[in-house]
Number of protein chains: 2
Amino acid sequence: MRELVCEARMKLRDENYRLTRQREAIFEVLARQPRVHFTAQEIHDVTREKHQMGLSTVYRTLAILEEIGLIRKLDVGDGVSRYEFDGGDASPHCHLVCLRCGGVMEASCPAPEEMQVILRADRFKIYDQSMVFFGFCQGCTESPSALVGGQR
Amino acid sequence: MRELVCEARMKLRDENYRLTRQREAIFEVLARQPRVHFTAQEIHDVTREKHQMGLSTVYRTLAILEEIGLIRKLDVGDGVSRYEFDGGDASPHCHLVCLRCGGVMEASCPAPEEMQVILRADRFKIYDQSMVFFGFCQGCTESPSALVGGQR
DNA sequence: TTAGATGCAAAGGCTTTGCAATTCT
DNA sequence: AGAATTGCAAAGCCTTTGCATCTAA
């Protein structure tokens, strides 16, 4: 986690952005649980406890972090954007959304180049991908009686 | 196309929904170009030319059509929902979004059960999927000079 | 010092909802 | 006739923007 924060600091400087306490607070939240996919509102709720923080600052900071490639915006189709650290060279991954508990998990998946082959999409040059799968996570599968009428 | 409209009519009746001219107009638009992915606004613009039609009726009808499984909502992450006929038994497909012209195309892809194998996701039971790929379509690839600074 | 960043409130864009009027059955 | 459906306007959400104030460098 420390490395993630350091990386973010350096990257911000490199790109000529200032290091403010708000920005630090935001990427600390993201770095503390790199596998969690926070919404802007959630980040705001957490950071607000310790620092003065406006929701618009959260959005503006997330836009910057996304632009310089530190984080990725994730959209699972529920109308709210989520954000996660972008592993950069890390292995490509997709997201698993549980229809019952609403949890969002990660799973590794083929890289765009491989998907291009799998899809036989030879007339479209793929650079990026977003793969979201809906179903039931292990915990929710183990209590099948409750599966009826899950959320979403 | 005729069959699609008939199917929609029958399904609506089966589910105890009334057959109104507004609803007919809406699924006629969707059926006329089954491979196009319309936004609610676009459907409204088209149907309004010939019938009285409120935007809220479009949204309400689309919600019903989606609920009874006639159409699918598609989200490519630009904040607007698109709708397409749900082939039902048709082959599963994904969407290709061109970063330059904004066009949304379809491509066939592995079914959820196959993706489950490809992902080796044995702790998550996949029932549905949404795969969106971003890149450049053939037409836009052929004029590479214009690729710099595409939209989105 | 001063350009950049922040917070607040207002505005935007898409979608949903309340309600009286209308229209299928 | 009677319940479902519609259109309009208003409200809801999430996100962005304008602007005066503040702050990192």
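Throughout, a chain's letter reflects where its sequence line sits, starting with A, and its residues are numbered from 1.
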Kindly work out whether a path of hydrophobic side-chain contacts (I/L/V/M/F/W/Y, heavy atoms less than 4.5 Å apart) joins A:L119 to A:M131. yes

So, B:D128 and B:R72, do they make that salt bridge, N to O below 4.0 Å? yes

Are the aromatic rings of B:F27 and B:F85 close, with centres under 6.0 Å apart? no

Does B:R123, at its CZ atom, have more than 12 non-hydrogen atoms belonging to other residues, nucleotides or ligands within less than 6.0 Å? no

Ignoring backbone atoms, establish whether A:R60 has a side-chain N or O less than 4.0 Å from OP1 or OP2 of C:dA5. no

Between A:N16 and B:V80, which is nearer to the 5' end of DNA chain C once each is assigned its nearest nucleotide? A:N16

Measure the distance from CG on A:D45 to P on D:dC14 and round it to the nearest whole Å. 11 Å

Could you tell me how far apart A:L74 (CG) and D:dC14 (P) are, to the nearest whole angstrom? 16 Å

Check the distance between C:dT15's P and B:H44's NE2 and give it to me in whole angstrom. 13 Å

Return no unless some side-chain N or O of A:Y59 is found under 4.0 Å from OP1 or OP2 of D:dT15. yes

Between the protein and nucleotides 22-25 of chain C, list every N/O to N/O distance that falls short of 3.5 Å.
| from | atom 1 | to | atom 2 | distance (Å) |
| --- | --- | --- | --- | --- |
| C:dC24 | OP1 | B:R21 | NE | 3.3 |
| C:dC24 | OP1 | B:R21 | NH2 | 2.7 |
| C:dC24 | OP2 | B:R21 | NH2 | 3.4 |
| C:dC24 | O2 | B:R18 | NH1 | 2.8 |
| C:dT25 | OP1 | B:L19 | N | 2.8 |

NZ/NE/NH1/NH2 to OD/OE distance under 4.0 Å, A:R32 and A:E28: yes

To the nearest angstrom, the CG-P distance between A:L55 and D:dT16 comes to 10 Å

When we call it a touch if two heavy atoms are under 4.0 Å apart, what does B:T39 touch: a base, just sugar-phosphate, or nothing? nothing

Please check if the distance between the ring centroids of B:Y127 and A:F133 is under 6.0 Å. no

Closest to the 5' end of DNA chain D, once B:I64 and B:S56 are matched to their nearest nucleotides, is B:I64

Provide, to the nearest angstrom, the distance between the CZ atom belonging to B:R82 and the P atom belonging to C:dC14. 11 Å

Over 60° means perpendicular and under 30° means parallel, so tell me whether B:H95 and B:H37 are parallel, tilted or perpendicular. perpendicular

Can you tell me how far P of D:dA24 sits from CG of A:L12, to the nearest Å? 14 Å

